[in-house]
Amino acid sequence: MASTSTTRAVTRAVVIGAGFGGLGTARALRAQGVEVVVLERADAIGGVWRDNTYPDAACDVPSPLYSWSWAPNPEWPRRYSKQPEILHYLRRTAADEGLTDLVRTGQEVVGATLDESTGTWHITCADGSAYDADLVVSAVGQLSNPVIPPIPSTFAGPTFHSAQWRHDVDLTGRRVAVIGTGASAIQFVPGIVEAVAHLDVFQRSAPYVVPKPDQEYGPRYRRLLQRGLLDLERRGIFGLSEQLNAAFTGGTRRSRVLLRGLRLAWRAHLRRQVPNPALRRTLTPDAEIGCKRILFSNDWYPALARDHVAVHTSGISRIESDGVRTADGTLHPADVLIWGTGFAATSFLDGIEVRGSGGRTLADTWAQGARAHLGVMVPGFPNLFVVYGPNTNLGGSSIIAMMEAQAAWIAQVAARLGEGRLADVRPEAERRFDDETQSRLATSTWATCESWYRDDSVGRITTNWPGTVREYQRRTARVYWNDLAWRSARPETSPEGA
C-alpha cells in the first residue's frame, strides 16, 4: 500500500527493504513480539526479483536451496527457476505469513538519525513521511542499485540497464549493443539473440561459464518432492555448495578437487560449444577460476558463436549517437544499447544518510571501506542492524541462508531491548572480526583479481564472507553479549543554574 502521508508514525522496528532479507527479518522480529514496519521504495515487494525482469532472468542457485528454510516449496517448476516463479514464491509466502501487511510501499528512505536523548531512530522518506523506531534494520542488499560506467555518451537510441529492462522497446530486427558479460548478460543475451539482426557484445573480462544442470520437474517428480525428496535435494545441494565455498578460501583437499573439476568442466564446455579457435581464445578468462563469480549456462557460448554476433575486447572510448566506438577506432553501429554492468555492490546503504552517536555519519565511518561486526552491526550506531551487509556475500550457495542467520541474531538482540535502551557493538569486537575476515580474505581466490567483490578505492574485499555458510550459522547462532555495550538513552541535560 503506497503512503503519501507526512505524519509521523511510531513503531518499535523499521526494516528498510521488502526483498528476501527484509521480509525474513521482519518475520524473525515479529516472532519476538516486536512491532514491525517494512518500508519499501518500490510499489510492490520482491527486491531484486521484482526489478530484474530481463529475458530469461533466473537464479543460478537451485531453487530447493534458494528459498526460505521455513517455507519449502515442492511446486518449483524446475531446478533453476526463473524470475516469475521466484517472485511468485516470495509474494505468496509473504502473504501466507502475514508479512505483506507489514509493508508500506512507495517509501524511499533517505535518512536515519539517532536521537541519543530518547534512544530513538528518526527515519525520513523522500516524500516527507517520517517514522520513529527503537531499532532499524537495513535490508537494501548489495545488488539493488544498478551501475552504469562513466563512459561519454551521446547515444540517440533507446538505452537501459538490464535491471531496468525496457519491455516497450522491440528488439526485433534491430542492431543491439550489449556492454558487459556478467551474470545478467549470460542470461539475457541468449534470450534476445534470436530476435535481433545483429548483436555486438563488449567484454572487459571473460567469465568462467560451466554447464547448468537444470531440469524440469514433471508431475511424478513433484510428487516425490512432496514426499521428502525436496529436503534430500536441498541438503545435497547445500553440501556441494559448501564444498565450493570452502574451495575459494583454501578449503579441504576435497573442495579444491571440486574447483579443479569445475575448471575442467568449463574447458570442455567451451571447446564443445565454440568450434572457432579465435572465439575460444577471446572467451578464455585470464583470472583464476572463482576469483569472479562462476556462472552457469547452457546457451551463453552458443549465442556468442552465432554468425550475427560479435564479441569485442577492445576498450570503449565513447558512445556516439549511432553506435559504440572502441579504443581501436572502430565504430560499431547500434540501434539499441543495453548495459549489463552489474550493481554498486560495495556502496552499502547508498542514498541513505545515516547519523549515529555524536552525529557521525555512516559514510564517514566507512570512508576506508564498509565493515561491520558479523556484517551486521557498526560501532557508534546502536540499535542499527544490516542484513546482507559487509563481508556476508557468498561465492557460491544461497544468500538466503546467510540472511536467515543474520535475522535470527538480530531478533535475539531485539528481544533484550527495552524502550530507550541502546545496544552498541564494542569497537574491539568489530575490530577482531574485521581483522580475522580480512586476513582470511587476503589468501582467498578473490584476492587474485579485480571484481565487484572488491572496493578498489580502498583495496579491501568488502562483500564476501571467507568461510562456509555453516560456519557463519554457528557464529551467529547465539549472541555473545560481552561483544555488546548497553546503555540507556542519554537524557537532555538542563542548562546550568536552571
Please check if any side-chain donor atom of Q107 sits under 3.5 Å from a side-chain acceptor atom of D127, or the reverse.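 Indeed, the side chains of Q107 and D127 share at least one donor-acceptor pair under 3.5 Å.
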Atom [atom1] of [X]: over 12 foreign heavy atoms under 6.0 Å:
X	atom1	value
E428	CD	yes
E450	CD	no
D364	CG	yes
Q215	CD	yes
R204	CZ	no

Determine, for [X] against [Y], whether the closest basic-nitrogen to carboxylate-oxygen distance falls under 4.0 angstrom.
X	Y	value
E471	R475	yes
R92	E75	no
D231	R235	yes

In Å, rounded to the nearest 0.5 Å, how long is the span from [atom1] of [X] to [atom2] of [Y]?
X	Y	atom1	atom2	answer
T93	L23	OG1	CG	10.0 Å
K82	S63	NZ	OG	12.0 Å
L114	N383	CG	CG	7.5 Å
L384	W121	CG	CH2	5.0 Å
L87	T53	CG	OG1	10.0 Å
Q438	I461	CD	CD1	7.0 Å

Within the structure provided, determine whether [X] and [Y] are in side-chain contact (heavy-atom separation under 4.5 Å).
X	Y	answer
V386	V376	no
N145	S347	no
Y480	N482	no
S357	F381	no
K292	P207	no
V136	Y131	no
D134	L417	no
S69	R234	yes

Can you confirm whether or not the ring centre of F188 sits under 6.0 Å from the ring centre of W165?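 Between W165 and F188, which both carry aromatic rings, the centre distance is below 6.0 Å.
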Would you confirm whether [X], through its side chain, and [Y], through its main-chain N or O, come within 3.5 Å as a donor-acceptor pair?
X	Y	result
T448	S444	no
R79	P213	yes
R421	W486	no
T443	R440	yes
T25	G21	yes
W366	R371	yes
Q142	G389	yes
D424	G380	yes
N245	G467	no
Q187	A58	yes

Taking it one step at a time, do F343 and H161 satisfy ring pair (Phe, Tyr, Trp, His ring centres under 6.0 Å)? CA-CA 10 Å; F343 302 86; H161 192 280; 5.7 Å; yes
Going through the checks in order, is the side-chain contact (heavy atoms from CB on, under 4.5 Å) test met by I294 and L259? CA-CA 10 Å; I294 298 172; L259 209 54; 4.2 Å; yes
For the pair H373 and F433, name the ring-plane relationship: parallel under 30°, tilted 30 to 60°, perpendicular over 60°. perpendicular
Report the relative orientation of the aromatic rings in Y66 and W49; use parallel for angles under 30°, tilted for 30 to 60°, perpendicular for over 60°.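 Y66 and W49: perpendicular rings.
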Name every donor-acceptor pair, under 3.5 Å, that has one atom in a side chain of residues 26-33 and the other anywhere in the protein, sequence neighbours excluded.
unit_1 : atom_1 : unit_2 : atom_2 : d
R27    : NE     : E97    : OE1    : 3.0
R30    : NH1    : E97    : O      : 2.8
R30    : NH2    : E97    : O      : 2.9

Can you list the steps and then say if H88 with S81 is a side-chain contact (heavy atoms from CB on, under 4.5 Å)? CA-CA 11 Å; H88 174 72; S81 294; over 6 Å; no
Determine, step by step, whether T181 and V189 satisfy the side-chain contact (heavy atoms from CB on, under 4.5 Å) criterion, reporting the C-alpha distance in whole Å, the side-chain angles of both residues, the deciding distance to 0.1 Å, and the verdict. CA-CA 9 Å; T181 56; V189 164; over 6 Å; no
From CA spacing to verdict: side-chain contact (heavy atoms from CB on, under 4.5 Å), L102, V15: CA-CA 10 Å; L102 307 179; V15 176; over 6 Å; no
Among Y472, Y388, Y453, F248, which residue meets the ring-ring contact (aromatic ring centres under 6.0 Å, His included) test with W465?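 Among Y472, Y388, Y453, F248, the one meeting ring-ring contact (aromatic ring centres under 6.0 Å, His included) with W465 is Y472.
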